J.: 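Here's a structure for you.
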Amino acid sequence: MTLVFVVNSGSSSIKYQLLDLESGEAVVSGLLERIGEPGSPIADHEFGMSIVLAKLGDRGDEIVAVGHRVVHGGPNFAEATFIDDDVEAQIDALSVLAPLHNPGAVLGIRAARAALPAVPHVAVFDTAFHATLPPAAHTYAIDTELARRHKVRRYGFHGTSHQYVSRRAAEFLGRPLESLRTIVLHLGNGASVTAVDGGRSVDTSMGLTPLEGLVMGTRSGDIDAGVVFHLARQEGLSIDEIDVLLNRRSGLLGLTGTGDMRDVQEAASSGDETAQAALAIWRHRIRHYIGAYIAGLGGLDALVFTAGIGENNALLRRRALAGLEFLGIEIDPDRNELQSRAERFISPDGAPVAVLVIPTNEELEIARQAYALVEAGRPQNEVQR
Ligand code: ADP
């Protein structure tokens with residue numbers, strides 16, 4: 001067994017997996033919640049980590065690397081990186097770009113480094129896969145000096161998932177990654193779409209923060225920034241209130257009152273017009289990106305669905321792609337309806353574009369990247385981009 005411990009730490013939670021890289025399977029996995037909350041028996045991440053490590057038992061002694069999921073790598077990190085005190089401080093400093101995410105990751109990193117001081121710790125960033133975006137795709141058209149000073153640009157997120165899924169797609173198709181133009185639709189509670197050209201991310205829908213792009217469970221996705229000024233002026237909302245509104249009370253939740261796609265779809269199926277309208281908006285945005293990314297890629301070889309909605313909901317996949325046959329995008333109804341956990345085709349044989357469902361596995365990708373770095377024994381790898 002080659003055991004890698006994967007930690008996804010939030011401000012009040014620790015999600016973890018002990019993965020055996022030889023089988024690709026999780027040996028132990030779990031989630032600790034309500035850390036540090038009033039009345040919780042788990043006062044802080046240090047204590048939480050000690051509970052987690054106790055659950056690993058003797059296998060904890062065999063861990064060869066710890067992989068930490070970090071949401072924002074900012075301009076500092078273009079790939080997985082060994083964590084030392086300096087890298088930890090940089091991740092902490094990047095909290096200005098990801099105030100909801102990076103502070104929690106740092107708490108997990110500190111606790112795990114203290115508990116497992118002899119094992120190499122590696123940070124794997126959600127933004128890193130998108131470090132290859134060309135300037136035209138990652139630059140916002142605002143004052144250059146202001147943007148530079150505040151590190152304002154498109155970073156993109158879900159990179160670990162987009163990277164894993166686009167590589168698996170090439171392996172599944174038995175074609176070289178370098179030859180493929182792929183669009184990955186990561187449709188979970190958070191959602192993003194990425195154009196991958198020859199294995200490199202060349203465009204992605206999330207931006208400086210995970211707010212931009214598709215209609216999500218609770219996030220609005222794309223919105224005219226003018227809406228922010230308008231609401232501030234007319235409704236007297238503060239910046240923090242608008243942040244909460246757009247990140248936590250918008251998207252499907254804002255449109256329908258529920259952020260869970262299963263409920264929205266059920267309501268739509270039983271004739272609820274609000275839910276039907278929400279699905280139409282959700283679908284409109286997805287198709288907007290498919291069209292844009294095909295234009296950017298200059299064609300398309302594979303279109304891949306992943307994450308909670310993308311892996312499990314045949315009806316929404318079909319509706320998202322209906323009428324796109326003129327682009328070579330077709331779905332075989334029987335293949336699409338098949339309930340399965342396997343990687344699979346849902347396009348008919350011989351269709352110009354391979355439409356696939358590939359279950360994502362961010363933990364496995366984090367474990368592999370962490371182990372690859374340890375194997376290569378590379379020193380700290382900081383890239384300015
Ligand atoms: P996250 O984005 O939180 O990592 P997932 O990728 O697991 O989560 O996606 C979770 C979301 O997927 C849930 O919010 C749920 O709405 C949606 N989902 C899961 N199964 C289905 C389904 N069969 N139909 C529609 N939506 C689904």
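Note that this is a predicted model, so its numbers are computed, not measured. Start at 1 and go down the list; that is how both ligands and their atoms are numbered.
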J.: Hey, is Asp92 close enough to Arg110 for a salt bridge, meaning N to O under 4.0 Å?
T.: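 A salt bridge links Asp92 with Arg110.
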J.: Taking atom 15 (C) of ligand 1 as the point of reference, which of His158, Lys15, Arg262, His186 owns the nearest heavy atom?
T.: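 That would be Arg262.
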J.: Please determine whether the number of non-hydrogen atoms from other residues, nucleotides or ligands lying under 6.0 Å from atom CZ of Arg167 exceeds 12.
T.: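 Enclosed.
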J.: How far is atom 17 (C) of ligand 1 from its nearest protein heavy atom, and which residue and atom is that?
T.: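 Here the closest protein heavy atom is Ile309 CG1, 3.5 Å.
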J.: Which residue and atom name correspond to the protein heavy atom nearest atom 12 (O) of ligand 1, and how close is it?
T.: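 Ranked first by proximity to atom 12 (O) of ligand 1 is Gly308 CA, 3.4 Å.
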J.: For atom 23 (N) of ligand 1, which protein heavy atom lies nearest, and how many Å away is it?
T.: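 So the nearest neighbour among protein heavy atoms is Asn312 CB, 3.4 Å.
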J.: Does any N or O of ligand 1 fall below 3.5 Å from an N or O anywhere on Ala307, backbone included?
T.: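 Between Ala307 and ligand 1 (N or O atoms, distance only) the closest approach is not under 3.5 Å.
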J.: Measure the distance from atom 25 (C) of ligand 1 to every protein heavy atom, then report the residue, atom name and distance (to 0.1 Å) of the closest one.
T.: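 Here the nearest protein heavy atom works out to Asn313 ND2, 3.3 Å.
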J.: Below the 3.5 angstrom mark, is there an N/O of Asn189, backbone or side chain, next to an N/O of ligand 1?
T.: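 The answer is yes, given that Asn189 and ligand 1 share an N or O pair closer than 3.5 Å.
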J.: Would you call Arg69 and Glu363 a salt bridge, using N to O less than 4.0 angstrom?
T.: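 Here Arg69 does not pair with Glu363 in a salt bridge, since their nearest N and O are not under 4.0 Å apart.
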J.: Identify the protein heavy atom lying closest to atom 16 (O) of ligand 1, giving its residue, its atom name and the separation to 0.1 Å.
T.: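 I find the closest protein heavy atom is Asp260 OD1, 2.8 Å.
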J.: Output yes when Glu62 and Arg59 qualify as a salt bridge under the 4.0 Å nitrogen-oxygen rule, no when they do not.
T.: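 Arg59 and Glu62: not salt-bridged.
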J.: Determine, using the 4.5 Å side-chain heavy-atom cutoff (strictly less than), whether Leu208 and Phe77 are members of one ILVMFWY cluster.
T.: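 Same cluster.
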J.: May I ask whether Gly217 has any heavy atom positioned less than 4.0 angstrom from an atom of ligand 1?
T.: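 No; Gly217 lies far enough from ligand 1 that no heavy-atom distance drops under 4.0 Å.
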J.: Determine, for Glu266 against Arg262, whether the closest basic-nitrogen to carboxylate-oxygen distance falls under 4.0 angstrom.
T.: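 Judged by the 4.0 Å cut-off on N to carboxylate O distance, Glu266 and Arg262 do not form a salt bridge.
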J.: Which of the atoms of ligand 1 are close to Gly190, meaning less than 4.0 Å from one of its heavy atoms?
T.: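 What qualifies from ligand 1 is 2 (O).
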J.: Under 4.0 Å between a side-chain nitrogen and a carboxylate oxygen: does that hold for Asp197 and Arg181?
T.: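 Result for this pair is no, no salt bridge flagged.
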J.: For atom 20 (N) of ligand 1, state whether the nearest protein heavy atom is under 4.0 Å away.
T.: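 Given the 4.0 Å limit, the answer for atom 20 (N) of ligand 1 is yes, a protein heavy atom qualifies.
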J.: Below the 3.5 angstrom mark, is there an N/O of Met261, backbone or side chain, next to an N/O of ligand 1?
T.: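 Yes.
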J.: Would you check if the side chain of Tyr155 reaches a backbone N or O of Leu97 as a donor-acceptor pair within less than 3.5 Å?
T.: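 Pair absent, no side-chain N/O of Tyr155 close to backbone of Leu97.
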